[in-house]
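For reference, the structure discussed in these notes is given below.
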Amino acid sequence: MATESSDPEQPRLSFFGKSDKSTDEIDNAREPLLNGDHSLESYSVLSAIPPFFFPAIGGLLYGYDIGATSGATISLESATLSGTSWYNLSSVEIGLVVSGSLYGALIGSILAFTIADFLGRRRELITSSLLYLVGALVTAVAPNFAILVIGRVIYGMGIGLAMHAAPMYIAETAPSQIRGRLISLKELFIVLGMLLGYTVGSLEIDIVAGWRYMYATSIPVSLLMGIGMWWLPPSPRWLLLCAIQGKGNTEEARETAICCLCRLRGGAIGDSAPEQVDEMLNELSYVEGEKESSFRDIFEGKCLKALTIGAGLVLFQQITGQPSVLYYAATILKSAGFSAASDATRVSILLGLLKLIMTGVAVLVVDKLGRRPLLLGGVSGIAVSLFLLASYYTFLNNAPFIAVCALLLYVGCYQLSFGPIGWLMISEIFPLRLRGRGLSIAVLVNFASNALVTFAFSPVETLIGAGMLFVVFGVIALLALVFIYFIVPETKGLTLEEIEAKIL
């Protein structure tokens, strides 16, 4: 059993650089909750694992798709290994296979905007697991190219819903003392999924129709996710919000929320569950949770502020060149003496291991150091690595060692900062009443900017050259540092209700 007390920090800066104490005038009635000692969130470690683990499988399946697709495309294009009569795919068709899940994720993010609050976090994750299952099955048995792409899009819709609902469910059910650690661990699961995909791809690459087995491997995992989410309770905060908005009896919702909280915290919670649920109810009434959210509300007041923080982080996460730097990894390592094709899979696995280790470091320190220090330190390293890569492609072509060091520095710093912290911040910063819709917009920005950077990379590189492209990415990283320093607050140790009241 772990019992810890929260030690909330007052964020150093608020939205546009002002002190938080001067931004919000809190009524006397709210003072005991916000500035006093809120209930100790006692919890059992064993009880805290399932509400994290099963949603995090959604992230693992996302990462697995990235890793497995790299091997599946090689298998698909091979005359001897594809096991199909339509192996002679054009570059556009291969692009559709690779990006099909990305298009699906964009569709899933749009769907989440309209159905997430109706379904709730738990049922959205169950729906996501079903889409994963159907998408993997259709892809694995696809008789022709068109069905293959349809399967990829369906699987991608599962990604969009999972990456929207998983951080919300974890954030709303985790004890505040370890919330950052658990949501950051979800990023670790994405990296684990990538490693698993690379490994399965390397093991099945020489099997005829191996690409079918690569995609079919995610079927049992998606079943595990669906069964686990069916067994878990709904988010207590979502239950209370529905009741306050007139979608149920408040007293019944309160009793159900207490039972759910007891399951989520285990026996360690003792008799404090009713008190914690009452705190949530009281805070919901103060932050006007009873109002139904409209589309316009997302771009006003607290949610606009949260949207600026969340969408800004995930936008910078992508436009600082994350997809492009990894695209250059094989070329950089080849210039350093690695042979091309024979080492490609092993190099991918080694980079995946580095990502795993650095994400693990972030997980261990995020609730001790806080979000801002990791973002500021990590993005500073990203900026340095991008300017080093620019130097290599401009005038240090005979020093591949610099490029390799820059590549490793970039990957390590990204996994310390933008990788886990971006998803963490968007899951905790939005007000509860608008969290589902606000987070769906942030996830949509993430996937849309990923698509933009991926698709614009080649023509921009041809136009201005690799060296200048990395200079542009480096300048964007410096702008990201300014954004983080002045806009992004510290949320370490605060409950979700305190974040909404103190920071927004």
Side-chain angles (χ1 to χ4, degrees), residues 43-44 46-62 108-109 111-134 157-175 178-179 182-183 185-186 189 221-245 247-250 252-266 269 273 276-277 280-281 284 289 293 423 426-428 430 432-440 443 496:
Y43 62 94
S44 159
L46 287 177
S47 297
I49 290 173
F52 150 76
F53 177 75
F54 291 110
I57 291 177
L60 184 138
L61 287 166
Y62 171 39
S109 302
L111 278 176
F113 184 87
T114 56
I115 67 171
D117 286 334
F118 166 73
L119 288 177
R121 291 54 164 137
R122 172 177 164 269
R123 286 188 292 184
E124 186 180 353
L125 283 164
I126 293 171
T127 305
S128 167
S129 68
L130 290 173
L131 288 168
Y132 274 138
L133 176 64
V134 173
M157 290 168 66
I159 293 174
L161 291 182
M163 298 309 288
H164 173 260
M168 274 200 300
Y169 186 87
I170 297 170
E172 291 182 6
T173 58
I178 58 170
R179 185 179 65 241
L182 291 179
I183 299 174
L185 266 173
K186 185 187 70 67
F189 267 56
V221 185
S222 59
L223 276 172
L224 176 64
M225 176 187 171
I227 293 168
M229 289 311 307
W230 186 270
W231 172 74
L232 283 171
S235 159
R237 286 179 168 91
W238 178 77
L239 288 171
L240 296 173
L241 178 66
C242 288
I244 284 179
Q245 291 179 339
K247 300 173 186 174
N249 182 281
T250 303
E252 287 179 8
R254 177 182 177 277
E255 293 303 318
T256 306
I258 290 170
C259 292
C260 292
L261 194 61
C262 289
R263 284 186 61 189
L264 292 164
R265 297 287 188 271
I269 196 169
Q276 291 187 36
V277 169
M280 294 176 195
L281 270 171
L284 271 174
S293 61
W423 289 105
I426 65 172
S427 68
E428 40 181 31
F430 286 100
L432 177 59
R433 183 168 63 94
L434 293 153
R435 186 169 295 142
R437 291 187 170 185
L439 207 142
S440 68
V443 172
L496 296 178

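All figures in this text were calculated on a predicted structure; none of them were measured in a lab. Just so you know, residue 1 is the first one in the sequence shown, and it goes up from there.
- For the pair Arg435 (side chain) and Phe430 (backbone), a donor-acceptor distance under 3.5 Å is present.
- Not counting sequence neighbours, the partners of Arg254 by the side-chain contact (heavy atoms from CB on, under 4.5 Å) test are Glu251, Ile258, Pro274, Val277, Asp278, Leu281.
- Between Pro50 and Leu232 there is a side-chain heavy-atom pair separated by less than 4.5 Å.
- For the atom pair CG of Leu119 and CD1 of Ile126, the computed distance is 9.5 Å after rounding to the nearest 0.5 Å.
- Note that CG of Leu125 and CE of Met229 are 4.5 Å apart. Values are rounded to the nearest 0.5 Å.
- In this structure the side chain of Phe54 never reaches within 4.5 angstrom of the side chain of Trp230, judged on heavy atoms.
- Counting all heavy atoms, side chain and backbone alike, Phe113 lies closest to Ser440 at CD1-OG, 3.2 Å.
- A distance of 11.0 Å separates CD1 in Ile183 from CE in Met168, rounded to the nearest 0.5 Å.
- Summarising the geometry of Ser128 relative to Ala162, their closest heavy-atom pair is OG-CB, 3.2 Å, with the distance given to 0.1 Å.
- Taking OH of Tyr132 as the reference point, atom CG of Leu161 lies at 9.0 Å (rounded to 0.5 Å).
- Scanning all heavy atoms of the two residues, the minimum distance from Ser109 to Val443 falls at OG-CG1, 3.3 Å.
- Formation of a donor-acceptor pair under 3.5 Å by the His164 side chain with backbone atoms of Leu439 is not found in this model.
- Using a 4.5 Å heavy-atom threshold, the side chains of Lys186 and Met163 count as touching.
- Leu223 contributes atom CG, which lies 9.0 Å from atom CG of Leu130 (distance to the nearest 0.5 angstrom).
- Judged by a 6.0 Å distance limit and a 45° cone about the ring axis, Arg122 is not positioned over the six-membered ring of Trp238.
- The heavy-atom pair separating Arg265 from Thr173 by the smallest distance is NH1-O, 2.5 Å.
- A pairwise comparison of heavy atoms in Ile57 and Phe189 identifies N-CD2, 4.2 Å as the closest pair.
- For the salt bridge (charged side-chain N to carboxylate O under 4.0 Å, His left out) condition, no pair includes a residue of residues 50-62, sequence neighbours left out.
- Side-chain contact between Cys260 and Pro234 is present, with at least one heavy-atom pair separated by less than 4.5 Å.
- Of the inter-residue distances, the one linking Asn249 atom CG with Cys242 atom SG reads 13.0 Å to the nearest 0.5 angstrom.
- Each of Ile159, Val221, Leu133 was evaluated against Leu61; a single residue qualifies, Val221, per the side chain to side chain contact (heavy atoms under 4.5 Å, CB included) test.
- Residues Ile115 and Glu124 have side chains not in contact (no heavy-atom distance under 4.5 Å, counting atoms from C-beta outward).
- Residues meeting the salt bridge (Lys or Arg N to Asp or Glu O under 4.0 Å) test with Arg121, sequence neighbours left out: Asp117, Glu172.
- Listed here is the closest heavy atom pair of Pro236 and Leu261: CG-N, 4.1 Å.
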